[in-house]
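Have a look at the structure below, then the notes.
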Amino acid sequence: MANAGLQLLGFILAFLGWIGSIVSTALPQWKIYSYAGDSIVTAQAIYEGLWMSCVSQSTGQIQCKVFDSLLNLNSTLQATRALMVIGILLGLIAIFVATVGMKFMKCMEDDEEQKMRMAVIGGVIFLISGLATLVATAWYGNRIVQEFYDPLTPVNSRYEFGQALFTGWAAASLCLLGGALLCCSCPRKTTSYPTPRPYPKPTPSSGKDYV
């Protein structure tokens with residue numbers, strides 16, 4: 001039997017990771033402007049996300065512009081969008097599947113082994129969801145590093161990691177950890193032995209011999 005507390009902990013961690021994936025996808029701070037050049041402008045902060053680019057003034061005013069054309073976006077941004085959305089959808093499916101397999105739920109109480117398998121399946125889907133988020137954030141972050149150290153990139157066009165990127169990495173880690181804990185509830189195979197056949201009882205002797 002798997003530990004119900006460990007199973008619940010895995011579900012909570014994976015659920016928090018799924019929430020973090022949604023927050024990371026929605027935030028516009030995937031990359032922020034790097035003030036590494038000589039002409040430093042501190043009156044405004046420029047940052048860009050998966051769906052829009054924003055400029056924050058020192059007065060507190062924020063202006064954002066949604067990306068107009070999907071086909072005009074680079075392949076890295078399109079792939080990152082797709083992977084993050086896939087990770088969120090898989091996480092939603094994993095929540096429903098794992099909830100059915102949780103021990104404190106009343107569903108499928110008559111079949112304990114099948115109930116535990118549902119929790120394991122939910123954990124596997126959480127692992128795939130976390131992996132999709134991890135690949136998306138790592139790919140996007142690698143693109144930022146390549147552009148930053150590219151000598152052909154102007155100094156005033158270089159960006160660094162934003163808060164949303166770190167949120168995505170944390171969310172992916174939580175999904176992977178929670179999914180792994182849910183997979184620990186995999187039922188062990190029990191060896192079934194054939195039922196021993198009872199030996200026939202000896203017939204009591206009457207003490208008389210017949211010829």
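In this text the structure is predicted, and so the values were computed from the model without any measurement.
- Taking CD1 of Ile95 as the start and CH2 of Trp18 as the end, the distance is 4.5 Å to the nearest 0.5 Å.
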Steps toward side chain to side chain contact (heavy atoms under 4.5 Å, CB included) verdict (Phe161, Ile32): CA-CA 6 Å; Phe161 298 153; Ile32 58 177; over 6 Å; no

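- If you chain together hydrophobic residues whose side chains sit under 4.5 Å apart, Leu181 and Phe96 fall into the same group.
- Going from atom CD1 of Ile86 over to atom CG of Leu131 covers 11.5 Å, rounded to the nearest 0.5 Å.
- Here Thr76 pairs with Arg143 under the side chain to side chain donor-acceptor pair (under 3.5 Å) rule; sequence neighbours left out.
- In terms of heavy-atom proximity, Gly179 sits nearest to Ala14 at N-CB, 4.3 Å.
- Taking CG of Leu90 as the reference point, atom OG1 of Thr133 lies at 9.0 Å (rounded to 0.5 Å).
- The minimum heavy-atom distance linking Gly122 with Ala94 is given by the pair O-CB, 3.5 Å.
- Looking at residues two or more places apart in sequence or on another chain, you find a side chain to side chain contact (heavy atoms under 4.5 Å, CB included) between Leu73 and Phe67, Leu70, Leu77, Gln78, Arg81.
- Taking Ile62 as the reference, Tyr47, Cys54, Ser56, Cys64 meet the side chain to side chain contact (heavy atoms under 4.5 Å, CB included) condition, with sequence neighbours excluded.
- When all heavy atoms of Met84 and Ser21 are compared, the pair lying nearest together is CE-O, 3.8 Å.
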Show which side-chain atoms of residues 167-176 pair as donor or acceptor with protein atoms under 3.5 Å away, not counting sequence neighbours.
{"residue": "Thr167", "atom": "OG1", "partner": "Gln163", "partner atom": "O", "Å": "2.9"}
{"residue": "Trp169", "atom": "NE1", "partner": "Thr137", "partner atom": "OG1", "Å": "3.1"}
{"residue": "Ser173", "atom": "OG", "partner": "Trp169", "partner atom": "O", "Å": "2.9"}

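- Inter-residue side-chain proximity for Met116 and Val120 is flagged as unmet; no heavy-atom pair is nearer than 4.5 Å.
- Shortest non-hydrogen contact noted between Met102 and Leu8 is CE-CA, 3.6 Å.
- When side chains are defined from C-beta on, Glu147 does not count as touching Tyr159, because their heavy atoms never get closer than 4.5 Å.
- Judged as a disulfide bond (SG atoms under 2.5 Å apart), not a single pair has a partner in residues 69-102 (not counting sequence neighbours).
- Among residue pairs with one or both ends in residues 115-143, those qualifying as ring pair (Phe, Tyr, Trp, His ring centres under 6.0 Å) are Trp30-Tyr140; sequence neighbours excluded.
- The distance from atom CE of Met52 to atom CG of Leu27, rounded to the nearest 0.5 Å, is 10.0 Å.
- A 4.5 Å side-chain heavy-atom check between Leu182 and Gln7 finds at least one atom pair inside the cut-off.
- In this view, Ala132 satisfies the side chain to side chain contact (heavy atoms under 4.5 Å, CB included) rule with no residue, not counting sequence neighbours.
- With hydrophobic clusters built from ILVMFWY side chains whose heavy atoms lie under 4.5 angstrom apart, Val66 does not share a cluster with Leu50.
- Rounding to the nearest 0.5 Å places CG of Leu177 at 7.5 Å from CG of Leu9.
- Rounding to the nearest 0.5 angstrom, the gap separating the CG atom in Leu134 from the OG atom in Ser129 is 11.0 Å.
- Using a 4.5 Å cut-off between side-chain heavy atoms of Ile, Leu, Val, Met, Phe, Trp and Tyr, with links allowed through other members, Leu127 and Val135 fall into different hydrophobic clusters.
- Not counting sequence neighbours, Thr25 has no partner by the side chain to side chain donor-acceptor pair (under 3.5 Å) test.
- No donor-acceptor pair closer than 3.5 Å links the side chain of Ser53 to the backbone N or O of Gly49.
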